[in-house]
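Here's the structure we're looking at; comments come further down.
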Amino acid sequence: MGFGGGEASPEGIFFSYVGGEAADIREKLGFGASAPSVGFRATALEGRNAPLPSMFLQWYNRPTESPAARNAAQYRVTMELNDLQAQRQAKLERLRDAGLNPYPTRSSRTHSIAAALADFDALATSESSLTLAGRIVGARRVMGKIAFAHIEDGSAGIQLWISRAEVGDEAFLRFRDDLDTFDIVEVAGVLRLTQKGERSIFVRSITILAKTINPPPEKWAGLSDVEERHRQRYLDLIVNSERRDIFRARARTISTMRSVLDARGFVEVETPVLQPIYGGAAARPFTTYHNQLGQNLYLRIATELYLKRLIVGGFPGVYEISKNFRNEGVDRSHNPEFTMMECYQAFADYRDVMDLVEVMLREIALAVTGGTLVPYQGQQLDFGRPWPRISMAQAILEQTGIDIAQIHEIDVLHAAMNAANLKVERKGTWAKQVDEIFSEYVQPLLIQPTFIIDYPVELSPLAKRKPEQPAFTERFEAFIVGMEIGNAFSELNDPFDQEQRFLDQLKDFAAGDDEAHQMDADYVNALMYGMPPTGGLGIGIDRLVMVLTDQPTIREVILFPHMRQRD
RNA sequence: GGGCCGGUAGCUCAGUGGUAGAGCACCUGACUUUUAAUCAGAGGGUCGUGGGUUCGACUCCCACCCGGCUCACCA
């Protein structure tokens, strides 16, 4: 088995199937030159971005002399299926030889496995014929005249009970010799309990629906390599079927969030992913380019400024569940693209938003886990009670003895830090130093759902000042297990203050802070038309799902997390 | 980017300078109630890549590639 011939060129990969050479390859593999044609026919796979079979990639990526030599040379295909794949390929050809289509166009199943099991007793008693379909999972246990296996269809699994006397020699031997674990089959039969009492389908006939070429991972250890699990998520989902529950929980998290917001009159909207000016967060963006417009565009880092324009426009409340993109590090709680829900409510402030968060997360916890006590990595999180609301200054005072509400000079702060023997990196400005102390001494301790409120104004260029304490803002962040899950504030609606904040950010940017906020003149213009007092909120969906599904890393709750590209 | 750990059969992993190993998977045979079926047998490897030391390298040295964890920045 293999590809007939191929050529790699600077423009891409061109590949075609050549029958004569394939016959040679078949012979080399012991199939005989007269064996039927091969199963993979790659025709004109063009461009490096085209989806390519993995064995082709292995072939293409094998070590060569140099890129120039690779481009210049005409390669004969030497990549072969590995033994296990070749064996399955041979079985596929045997099925074809027997006149069976290994990839028929349709299934004629009558029940999902879950439906059959739900009605098992009645269907078994009546000996009703039914047809089930699914993937063969786990070991096939084939004895001389009887065989057992399990199939799984996404709704549930059931045991196949195959008697040689019942299905006949030909079908029994075909099951034994030509079908494999992971093949997708359809079985007709009746429901029946085995002697061991397991609910099974006593098979009358069996039909292949899809022949599998790739073998399953090892039976016990399974697919345990973390990288392979993420790269081949499809395989992870097959083998570790409980993993599907994580993504069902993710879907339920989002749908519950929607229903909470919808019920409160928020309107779901969509705003641009491609933005000429990025904003709404402190982060480095991804940059792209529009050819016709001749314009740089940025992938959004947040939806905030567009959503608030819509509050100016008269919506009483809006929300968007968006993919955001931040060109920054990748770790246990960061993926370059991530999902955030942002919502804005007119005539509300950050206290109202805290109430909303408590209600929303309680409902989500109930919907996803069935309760408000949620286990996470050996700890128990309580979503059933009001969250503590602690000011940042108070939290820092409690953990370090330093009162940032009384210290506004960076030098004095540094002196206090030395006196208190704080082991944190020294920062150049008071606000960044406060943030650093908080991150180091407070944040890791915030295990239970907690609101930290009233952030320094320099760290919050879009939040309204506290009237009685103008150096701080009406802002809160929601923390769970030491992770920031949410960020919210009473939105700044004074256009002149907003303009000045942007100007201050520009100074930071000029001073080398490449995460500083951009000037968005149109946003200031919108505020000049008047925005009502507004409470806004952002919630990191991925992190929330991590917490609710007890997962240690963000990659476990993202179906296709970003992975470094393999050369 | 820094630090630590790793890359050996399809999978999970042993192997401290002297012929490349195990379990599982797969293949062949036996077997009419299995649940990781069992029993017997066979096949399967450029030991991540390149260079060096050596009579001899999976093993020691150097460089590189790839991955994981971790630190720093960010949600």
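First the proteins, then the strands, lettered A, B, ... as listed; each starts at 1.
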Nucleotide [N], atom [atom2] - distance to [atom1] of [X] in whole Å:
X      : N     : atom1 : atom2 : answer
A:L173 : B:C31 : CG    : C1'   : 14 Å
A:R284 : B:G1  : CZ    : C1'   : 12 Å
A:M143 : B:U38 : CE    : P     : 11 Å
A:R141 : B:C24 : CZ    : C1'   : 16 Å
A:I146 : B:U35 : CD1   : P     : 12 Å
A:N487 : B:C74 : CG    : C1'   : 12 Å
A:R140 : B:C31 : CZ    : C1'   : 16 Å
A:D508 : B:C73 : CG    : P     : 16 Å

Query raised in the report: Between the side chains of A:R475 and A:N487, is a donor N or O closer than 3.5 angstrom to an acceptor N or O?
Result: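 Looking only at side-chain atoms, A:N487 and A:R475 do form a donor-acceptor pair, the distance falling under 3.5 Å.
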Query raised in the report: Considering only the C1' atoms, how many Å lie between B:C62 and B:G1, rounded to the nearest integer?
Result: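 The same atom, C1', in both gives a distance of 22 Å.
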Query raised in the report: For atom P, what is the distance between B:U28 and B:C64, given to the nearest Å?
Result: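 About 48 Å, rounded to a whole number of Å.
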**Report entry** Under 3.5 Å: donor-acceptor pair, side chain of A:Y523, backbone of A:Y306
**Finding:**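 Not at all, since once roles are kept as given, no pair shorter than 3.5 Å links the two residues.
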Report task. Determine which nucleotide pairs with B:G41, using a 3.5 Å limit on both distances of a Watson-Crick or G-U wobble pair. Result ->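 Pairing partner: B:C27.
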Requested in this report: May I ask which nucleotide in the shown strands pairs with B:G6, Watson-Crick or G-U wobble, both distances under 3.5 Å?
Outcome: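 Here B:G6 is engaged in a pair, and the nucleotide opposite it is B:C66.
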Query raised in the report: So what does A:A282 hit on the nucleic acid, given a heavy-atom distance under 4.0 Å: a base, only sugar-phosphate, or nothing?
Result: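 Sugar-phosphate, backbone atoms only, no base.
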**Report entry** A:P285 side chain near A:N327 side chain, heavy-atom distance below 4.5 Å
**Finding:**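 Of all side-chain heavy-atom pairs linking A:N327 with A:P285, none is under 4.5 Å.
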Query raised in the report: Using 4.0 Å as the upper bound for N to carboxylate O, is an ion pair formed by A:K308 and A:E342?
Result: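 A salt bridge is absent here (no side-chain N lies under 4.0 Å from a carboxylate O).
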Report task. Report yes if the ring of A:H334 lies under 5.5 Å from the six-membered base ring of B:C74 with planes under 30°, and no otherwise. Result ->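 Stacked: ring centres under 5.5 Å, planes under 30°.
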